[in-house]
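Reading through the structure tokens given below for one structure.
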Number of protein chains: 2
Amino acid sequence: VTDIEVIFEPDGRRSTAHSNQTILDVAHQVGLQIRSDCGGQGICGKCRVHVEPQTGLKELTSIELSKLTSHHQKAGFRLACQARINGTSDLIVTIPTASRGLQRQLQITGVSLSYKLNPAVHTLLLTVPAIDPSQSIPDTERLLTALSSLMDTKSLTRWDYPLSVIEKTPNALRKASGEVTLVLRNQSQILDIHAGDARENIYGIAFDIGTSKLVGSLFSLTSGKHIATEGMENPQLRFGEDIMTRLSYAAISGYARKKLQSEVIVAINSLLSSLTSSRIPLDQIYELVIVGNTVMTSLFLGLDTKHLAYGPFTPPFRGPIETQASKLGLDLPSQTIVYVLPNVAGYVGADALANILATGMNQHQKPNLLIDIGTNSEVILGNHERIAATSCAAGPAFEGAQIEHGMKAVSGAIEQVTLDPQSMTFQLTTIDNLKPIGICGSGVIDAIAQLAEAGLLSKKGRFTQKAKPYLISSNKKRVIILYKGERDKNQPSITLSEHDISQLLLAKAAIQSGYTLLLQHHQLSVEDLNQVFIAGAFGNYLNLASAKRIGLIPPVSLEKVSFIGNAALSGAQLALLSTIHRRQATQLAHTIEFVDLARHPAFSKIYATSLFI
Amino acid sequence: VTDIEVIFEPDGRRSTAHSNQTILDVAHQVGLQIRSDCGGQGICGKCRVHVEPQTGLKELTSIELSKLTSHHQKAGFRLACQARINGTSDLIVTIPTASRGLQRQLQITGVSLSYKLNPAVHTLLLTVPAIDPSQSIPDTERLLTALSSLMDTKSLTRWDYPLSVIEKTPNALRKASGEVTLVLRNQSQILDIHAGDARENIYGIAFDIGTSKLVGSLFSLTSGKHIATEGMENPQLRFGEDIMTRLSYAAISGYARKKLQSEVIVAINSLLSSLTSSRIPLDQIYELVIVGNTVMTSLFLGLDTKHLAYGPFTPPFRGPIETQASKLGLDLPSQTIVYVLPNVAGYVGADALANILATGMNQHQKPNLLIDIGTNSEVILGNHERIAATSCAAGPAFEGAQIEHGMKAVSGAIEQVTLDPQSMTFQLTTIDNLKPIGICGSGVIDAIAQLAEAGLLSKKGRFTQKAKPYLISSNKKRVIILYKGERDKNQPSITLSEHDISQLLLAKAAIQSGYTLLLQHHQLSVEDLNQVFIAGAFGNYLNLASAKRIGLIPPVSLEKVSFIGNAALSGAQLALLSTIHRRQATQLAHTIEFVDLARHPAFSKIYATSLFI
């Protein structure tokens, strides 16, 4: 084995590598994200990189020969997941913008939340009377007596008073004339003790572990004040974009499963340091509230997800789960509690409950519909009396995967498309107004809606006769050109094929089937809906008219529709700051009716209908 | 620094050592116990060893010059705690039997215990119905539903269901057609899950952490069957024989305190392997019940004992304490719980409560007296209505410390002394019928009682005129010869001096003051006592008539007196096997009246009186 050096451009990061490693592996070694929507299986073809010199790599694989155009092949491009080092020379790998796993625009603003500040973790300033020298009362007992005089409903023995706090107690009681600050949780646990008044020093973090992204928000638990929000891509993405790919990876071995866990733990540790940015000591963080779908929370907790991979998709736990953060490998002290909101069933997990909390739909009299659009999408329908939920395996098409020029909603992505019916020309808006390098989900939805409206697409998503003049042939497929690239600058055209359109319609149909079936389940019609909430990745970027046109959202008056951003995170924040909401989540976990889409007798018929535009 | 080699005889153990180390240090390096009653402070003079060649050591210290006879000095004897290596040559160190820290005769048989088997940890065989494929119910929920159908008083959410058990649940449910064995604790915790019927596989251990010795008993929690009992000296002994010396050592630094903790933890780990002797897997041990005085349990838990060292001798905790065994460094899996019985006050700790449980005196109508004789002694008096307790700093005189020829109750110790009033000659009985090498506590008590009875000792413990013919002068002191050694065989005579006698009377007075004061406290007289229980180190070796003659036990008819051996261990066993007894202990911890001997207004007068024979 000969070690060589690989330099990645434009970052300039360097790594040593050895024969037979793939470029993708080496990139991961130095923390570089290269797009690999398929999890490095050679299916998506998105991990295209330029390598110099070509002689330092083994020959093009048959996958590369089929996925790379001959133009790219000649120009020295390879697929990072396929190209293996042969060890003969150092390499320079250039990652084109379109192949980079970029920082996405995170939807970290949720709905505006209305709640009463009443976190599970709170403080109590207590003065413990001085020692009576005529008695020999244990220190913990003196403290508990003083505590129970303030909280008269509690008997002495009911408090969970861990050894680590007992250890601190004798000195704390003697330091500030008996004045101590207790950090309590749920009126049953003593998490910490400090001499004197330290009531300001308690913080908590709400985390949303999404299939694609992780977002955390740090709050003061004394004031409820928002301190910081930070997000990053879920590093599990390199093991596959969607839940099923991750489940397959986790099923390989206990090691693989723990690997997925540690990816998320390491990422959360890094978010912890950016959230606190050395201003807030980690030992003042007493609680983490976690939401995510059942697969994400199970992997986070290191649990076996084997039985989630096939019907009836049994989650390992209902929850809520409480455990010590340090036991999971989080860089937090032993007193920090991780609280994972409960699951409902199947893939409908804590994130769905958090969505409900954020909208308050469990309190409303009139029925509301909530659609959380993501790699794993949830559809929830109901009111204060009953709520039904389902999860839809929409897959990552909304994130640009499985679409030839698809990409995430990052700089340079086409996010809006308008077709001038007169001139039949497209007007494109890209994120950050850059030259287009691809098209993101909202762009594709726009394009399909516009093409259908102009009569260029049939209900089935096939190009009509009318479209013929605008089609060209590319790689043996008929495509419509949205943006004409400049070939001499090695900039590809951005096109849409019938295959691309059908990928998006498949994803759309999953969601449409979801709400159609739930309406049927509740014996409601679209007119009965009071509000429709759209949560998830799109945020405000989605053109509602287009979404309605293709059936992604039901045919309601658009005033009834509101974007609620990352409502799962908002719900997690509520559960962090308000025990009433936390309790509601646990109740909901038991009462929500889970509708298993795939096993529903009416599903296949509804799904077939939903494939139409 | 030059490294030399030290060989210890008769074991033949070898150790490298460097200049300025004491022989005691080097002995500890290789795990050899040399007597050091004073904790290596040069006070007790018991660590006498023979060293060759003398030129390999630094010169005799002034302490050695005062503690070693000139005979011993010339013969090459040194005090191991004083003699420092000078690094010029290798050494052969011979440890005489009298200086060895021998395996003591452990009192591991307790009273015969009457209880109903109802341990806190128990199993439940449960059949969880197969998965209903039309639903997607989480695995933990299916289990809890089946569990609650058996235990209808419990709601689903009340169970403490730790992550480690959740992790095992999905596979356990699918392995034996849904039949699982749950290991439960206190009807509130799920400690473990196994596929199939594993009801036989639960064990627990009761440990008594004594100041001088550690004893543990392993039981099946399914049958209550006793599997094994093992004991060893408390390795903290090398940091001092009595509690106060240990507290001083612990007060040096957090490191010193943790050192004392780890000594006990390592010892318990070694007892764990001898108890299970590879026949019982450690992961089938679900609970350890620990008793000990407040200092011992606090050090075991790694707690700060600073405030136990001075009045009002405040223990850090009341307890009971429950914590994970693995957190303390014990070689046990994460599900094993350590349960430390609660403290009362001062040095009256869990061992006193265990003593009470073992005698059942808290259930008796008539008042009983319990005296637990040890380095730290407890005296307890009361009945089912009220119980008072006190601790007496008797010190290690009963163990032979502070007495010139004193030794522990090990082979070769004089344990019985009879004085023939006609011939005025002593008849001696030694342990294992060996040639006497010293005298243990019961022997000294016998000797004093016999001397007093024969009129050779005054009430104050001074030799009378009548004793004069039998006294000789040794080291400027008047001593009575119990056994005449053979000087040419380098075997010393065994004698008793007035100083030796006063050391034992001081210890006796501590205990006598204890029961006198408690009788006063209860307004009872000796005649009111129904039973007197003698627990602790002496076991059956104590001559009751002698003990009564000198006032160590009150003047009651001897039929009322019974030896109950290591009753603290017996009580710990009860707390392990019977939750009713465990609950009683917690109640008693709060209701027992603690009488602080040293601060009692009548103490000094009573103590002065108690010094008399």
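These numbers come from the heavy atoms of this one structure, side chains and all, not from hydrogens, waters or symmetry mates. Sequence lines set the chain letters: A, B, ... in the order given, protein chains first and strands last, and positions in each chain run from 1. Everything numeric here is computed off the predicted structure, so don't read it as measured data.
Highest contact tally toward chain B, considering only A:Arg174, A:Lys306, A:Arg142, is held by A:Arg174 [criterion: heavy-atom pairs under 4.5 Å]. Among A:Pro162, A:Ala345, A:Gly302, A:Pro315, the residue with the largest count of heavy-atom pairs under 4.5 Å with chain B is A:Pro315. By number of non-hydrogen pairs under 4.5 angstrom with chain B, the leading residue of A:Thr169, A:Asn343, A:Leu173, A:Ile137 is A:Ile137.
Contacts between B:Lys168 and chain A at a heavy-atom distance below 4.5 Å are absent for every atom of the residue. Within the 4.5 angstrom heavy-atom criterion, atoms from both the backbone and the side chain of B:Leu163 approach chain A. No part of B:Val348 comes within reach of chain A, as not one of its non-hydrogen atoms sits under 4.5 angstrom from that chain. Proximity to chain A involves both the backbone and the side chain of B:Leu301, based on heavy atoms less than 4.5 angstrom apart.
Ion pairing between a basic and an acidic side chain is recognised when a charged N comes within 4.0 Å of a carboxylate O; A:Glu167 and B:Lys258 show such pairing.
Closest non-hydrogen pair, B:Phe317 versus A:Ile166, comes out as CB-CG2, 4.0 Å.
Between A:Pro133 and B:Arg599, some side-chain heavy-atom pair lies under the 4.5 Å cut-off. At least one side-chain heavy atom of A:His307 sits under 4.5 Å from a side-chain heavy atom of B:Asn171.
Atom OH of A:Tyr310 sits in a crowded spot, with more than 12 heavy atoms from other residues, nucleotides or ligands closer than 6.0 Å.
When atom types are taken as modelled, the side chain of A:Ser136 and the backbone of B:Pro312 share a donor-acceptor pair closer than 3.5 angstrom.
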